[in-house]
Amino acid sequence: MVASSPDHHAHPDTPPDTASGEGPAEHRRPVTAPAPAPRIVVPLLGPDDPPPAMTLNPVAGGPLLLVCDHASRAIPKRLGDLGLPEEQLCRHIAYDIGAAELTRRLAARFGATAVLSGFSRLVIDPNRALDDPTAIPVVSDDVVIPGNRALDAEAQALRVEALFHPYHTAVAAAVAAIVARGQVPVMVSVHSFTPAMRGIARPWHIGILWDNDPRLPVPLIEALEADGRWCVGDNQPYSGRGTSGGTVETHATPAGYPNVLLEVRQDLIATPEGADLWAQVIGDALEPLLGLPSLATIHHYPRA
């Protein structure tokens, strides 16, 4: 009796006999999952939004670098008003009142490079570490920020990539340009503070914030006090001791560059005339110090 040969006329949907070694079994019909729809990520910034950072005098010739972390109250149009009324967006919670105008005037006086942030600290604060819970504040000075509540990781990442990183990239580029000229960058960070906080008046006209590097802040305090007109805060109304994650701590302190953070009272620089005056006051105190030999060296001061 002759063995029968495989039935080559079998129904086409019949799988081959894998036991006979004729190849792997195949599904009668292809089984495929539907392809996921491509995820469309809408950019945070549109053509009508300002840039995340502005650099003034990028090819300046001196070592002075001014930075203004809270220069603007702008909010990306995609985020609306973050759920806040206009009167809140005009307050110090949104930006450092007068700081941008003061920075611009100091940059003009010294012909110095200055980097100014393009967006409100309410969207994301470039003077904070990204793991700081106040980097994207839910509450600021007892004001709840509705547009910052319950943000998912993707929404937070959009702000980091569109605003935070570009600002710090601009600061890093300005530092690198000074270093490329063979100079040691001297970083001056410009901020402003409210005349009163929680009902307590602040008497200082200007505060000088610093940590362990005394090269610039100590002689600057002495020069401002010698003027005789001003109440100068030494690490007042805030302290620069042991701070981390800010622009100075990111770009100056680790590299051993001299630095200082200025806090000027907002009511003193809220007008063009006030900004003019304080650009002169600070400029007059700062100018002779920029030639100090100690500022032309890299020196690391260990943090406590």
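Excluded from the calculations below are hydrogen atoms, water molecules and symmetry mates; all remaining heavy atoms, backbone and side chain alike, are included.
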Inter-residue atom distance W204.CH2 - Q236.CD, 0.5 Å rounding: 4.0 Å
Using a strict cut-off of less than 4.0 Å between a Lys/Arg side-chain nitrogen and an Asp/Glu carboxylate oxygen, indicate whether D284 and R109 qualify as a salt bridge. yes
Do L163 and L158 belong together in a cluster built from hydrophobic side chains that touch within less than 4.5 Å? no
How many angstroms lie between atom CZ of R128 and atom OG1 of T250, to the nearest 0.5 angstrom? 12.0 Å
Can you list the steps and then say if Y238 with L209 is a side chain to side chain contact (heavy atoms under 4.5 Å, CB included)? CA-CA 7 Å; Y238 309 106; L209 276 56; 3.8 Å; yes
Considering only heavy atoms from C-beta outward, does the side chain of L295 approach that of V184 to under 4.5 Å? no
Which atoms form the tightest heavy-atom contact between L286 and V188, and what is the distance? CD2-CG2, 4.5 Å
Could you tell me whether the side chain of T297 and the main chain of S294 form a donor-acceptor pair under 3.5 Å? yes
Pair W210-N259, side-chain donor/acceptor within less than 3.5 Å: no
What orientation do W278 and W230 show, parallel under 30°, tilted 30 to 60°, or perpendicular over 60°? tilted
Taking the six-membered ring for Trp, are H299 and Y301 closer than 6.0 Å centroid to centroid? yes
Within the 4.5 Å heavy-atom criterion, are I298 and Y257 side-chain neighbours or not? yes
Please test I208 against D234 for side chain to side chain contact (heavy atoms under 4.5 Å, CB included), starting from the C-alpha separation and ending with a verdict. CA-CA 5 Å; I208 307 299; D234 183 349; 5.8 Å; no
Is it the case that the side chains of R265 and S192 hold a donor-acceptor pair, with the cut-off being a distance below 3.5 Å and no angle test? no
Does any part of the side chain of H92, heavy atoms only, come nearer than 4.5 Å to the side chain of M197, both counted from C-beta? yes
Pair D69-Y167, side-chain donor/acceptor within less than 3.5 Å: yes
Measure the shortest side-chain to side-chain distance between S120 and L89 over non-hydrogen atoms and say whether it is less than 4.5 angstrom. no
R181 side-chain N/O to A60 backbone N/O, donor-acceptor pair under 3.5 Å: yes
Any salt bridge between E86 and R73, counting N to O under 4.0 Å? yes
Output the distance between atom CD1 (I206) and atom CD (E225), rounded to the nearest 0.5 Å. 11.0 Å
Charged N-O contact under 4.0 Å between R78 and D49: no
Any chance you could measure F110, atom CZ, to L290, atom CG, to the nearest 0.5 Å? 5.5 Å
L64-L106 co-clustered via ILVMFWY side chain contacts under 4.5 Å: yes
Can you give me the closest heavy-atom contact between T55 and A170, atom names plus distance? OG1-CB, 4.1 Å
Taking the six-membered ring for Trp, are H168 and H251 ring centroids under 6.0 Å apart? yes
Answer yes if I75 and F119 sit in the same cluster of Ile, Leu, Val, Met, Phe, Trp and Tyr residues linked by side chain heavy atoms under 4.5 Å apart, and no otherwise. yes
Give, for atom CD1 of I124 and atom CG of L44, the distance between the pair rounded to the nearest 0.5 Å. 10.0 Å
Can you check whether L65 reaches V175 side chain to side chain, under 4.5 Å on heavy atoms? yes
Could you measure the distance from the CD1 atom of I269 to the CG atom of D276? Nearest 0.5 Å is fine. 11.5 Å
State yes or no: do L66 and L289 share one hydrophobic cluster built from I, L, V, M, F, W and Y residues joined by side-chain heavy-atom distances below 4.5 Å, directly or via other members? yes
Do H70 and N127 meet the criterion of a side-chain donor-acceptor pair at a distance under 3.5 Å? no
Please step through side chain to side chain contact (heavy atoms under 4.5 Å, CB included) for the pair R202 and T194, ending with a clear verdict. CA-CA 8 Å; R202 292 161 151 179; T194 57; 2.9 Å; yes
For a quick test of reading the model, state the closest non-hydrogen atom pair linking A275 to L102 and the distance between them. O-CD1, 4.0 Å
Strictly by modelled atom types, are E249 and T243 linked by a side-chain donor-acceptor pair under 3.5 Å? yes
A114 versus T103, closest heavy-atom pair with distance: CB-CG2, 4.0 Å
Compare every heavy atom of I178 with every heavy atom of P63, then report the nearest pair and how far apart it is. O-CD1, 3.5 Å
Count I, L, V, M, F, W, Y as connected when their side-chain heavy atoms are under 4.5 Å apart, and connections chain through other members. Are L151 and V123 then in the same cluster? yes
Test item: T134 side-chain N/O and P137 main-chain N/O as donor-acceptor pair under 3.5 Å: no
Side chain proximity check, M187 to V171, heavy atoms < 4.5 angstrom: yes
Is it true that Q156 and R159 share a donor-acceptor pair across their side chains at a distance under 3.5 Å? no
For a quick test of reading the model, state the closest non-hydrogen atom pair linking A71 to A100 and the distance between them. O-CB, 3.6 Å
Does the pair N148 and V139 meet the rule for a side chain to side chain contact (heavy atoms under 4.5 Å, CB included), with working shown? CA-CA 9 Å; N148 289 351; V139 179; over 6 Å; no
Under 4.5 Å between any side-chain heavy atoms of L262 and I282, yes or no? yes
State, yes or no, whether a side-chain contact exists between P146 and L84 at a heavy-atom distance under 4.5 Å. yes
Closer than 3.5 angstrom, by distance alone: can the side chain of S72 be matched with the main-chain N or O of G118 as a donor-acceptor pair? yes
Donor-acceptor check, side chain of D152 to backbone of A155, threshold 3.5 angstrom: yes or no? yes
